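For reference, the structure discussed in these notes is given below.
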Amino acid sequence: MVHDWQEVVRSLAAIGPPLAYVGFSMGALFGFPTAAAMPSIKAAVFVVSGYPEVGGIDDEPLNVLPTESASLLQNTSVLMVNTIDDHIFPVAAVHRLFDAVRSADKQLSFWEGAHDDWPEEMIATSESFIGTRLAAASPS
């Protein structure tokens with residue numbers, strides 16, 4: 001998956017560098033290795049992510065990849081937004097992954113709801129985070 005994203009970025013390089021990554025659920029979980037492998041990504045938002053505890057992916061060896069990847073996110077601004085009643089990514093499992101992120105610019109937010117409940121405020125917070133970080137990363 002990471003290789004596929006790297007190929008997309010190379011193909012679109014004429015447009016400009018990739019500065020942000022946004023992933024939801026599985027896209028968030030696997031976004032950690034993607035963002036870690038692409039230093040040109042300056043900001044990442046991971047919506048409803050953490051260590052999965054159901055669905056056949058609650059596998060401790062699988063948790064090594066996001067943990068190692070999160071620890072490589074030192075120069076990437078990171079926002080994790082989650083819901084408090086997520087049956088796939090419980091609050092404690094979210095904190096475990098968030099704590100692995102080494103960036104000085106990292107934030108974690110929770111909203112009411114289940115895994116698929118993404119209120120408008122949650123999405124607006126994500127958009128604002130990316131917009132602020134992209135503006136800061138753009139040359140004047």
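Any value given below was found using the heavy atoms of this structure, including those in side chains, with hydrogens, waters and symmetry copies removed. Not measured: the values here are computed from a predicted model.
Among all heavy-atom pairs drawn from V45 and F129, the shortest one is CG2-CD2, 3.7 Å. When all heavy atoms of L97 and G50 are compared, the pair lying nearest together is CD2-CA, 3.7 Å. The two residues I130 and A20 make their nearest non-hydrogen contact at CD1-CB, 3.7 Å.
Side-chain atoms of K42 and L134, non-hydrogen and from C-beta on, never get closer than 4.5 Å to each other. Put simply, the side chain of Q74 does not reach to within 4.5 Å of the side chain of V101, judged on heavy atoms. At a threshold of 4.5 Å between non-hydrogen side-chain atoms, the residues L29 and P52 count as touching. Contact of the L72 side chain with the R102 side chain is not registered, since no non-hydrogen atoms from C-beta on lie closer than 4.5 Å. At a threshold of 4.5 Å between non-hydrogen side-chain atoms, the residues V48 and V81 do not count as touching.
Legend: residues meeting side chain to side chain donor-acceptor pair (under 3.5 Å) with D86, ordered by chain and number and at least two apart, are H115. Scanning for side chain to side chain donor-acceptor pair (under 3.5 Å) contacts around E112 gives an empty result, with sequence neighbours left out. A28 pairs by the side chain to side chain contact (heavy atoms under 4.5 Å, CB included) definition with F46, S49, not counting sequence neighbours.
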### Task
Mind running side chain to side chain contact (heavy atoms under 4.5 Å, CB included) on Q107 and V78 for me, showing each step along the way?
CA-CA 6 Å; Q107 298 176 26; V78 173; over 6 Å; no
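The 12-atom threshold is not exceeded at CG of N75, counting heavy atoms of other residues, nucleotides or ligands nearer than 6.0 Å.
Between the side chain of T83 and the backbone N or O of A114 there is at least one donor-acceptor pair closer than 3.5 Å. Here the side chain of T76 pairs no donor or acceptor atom with the backbone of S103 at under 3.5 angstrom.
Within the model, atoms CZ of F98 and OG of S109 stand 8.5 Å from one another, a figure rounded to the nearest 0.5 Å. Note that CZ of F32 and CD of E68 are 14.0 Å apart. Values are rounded to the nearest 0.5 Å. Taking CZ of F89 as the start and CG of N82 as the end, the distance is 8.0 Å to the nearest 0.5 Å.
Screening residues 116-135 for side-chain hydrogen bond (donor to acceptor under 3.5 Å, both in side chains) gives D105-R133 as the qualifying pairs, with residues at least two apart or on separate chains.
Donor-acceptor pairing under 3.5 Å is recorded for the side chains of T67 and Y51.
You'll find the ring centres of H95 and F110 inside the 6.0 Å limit.
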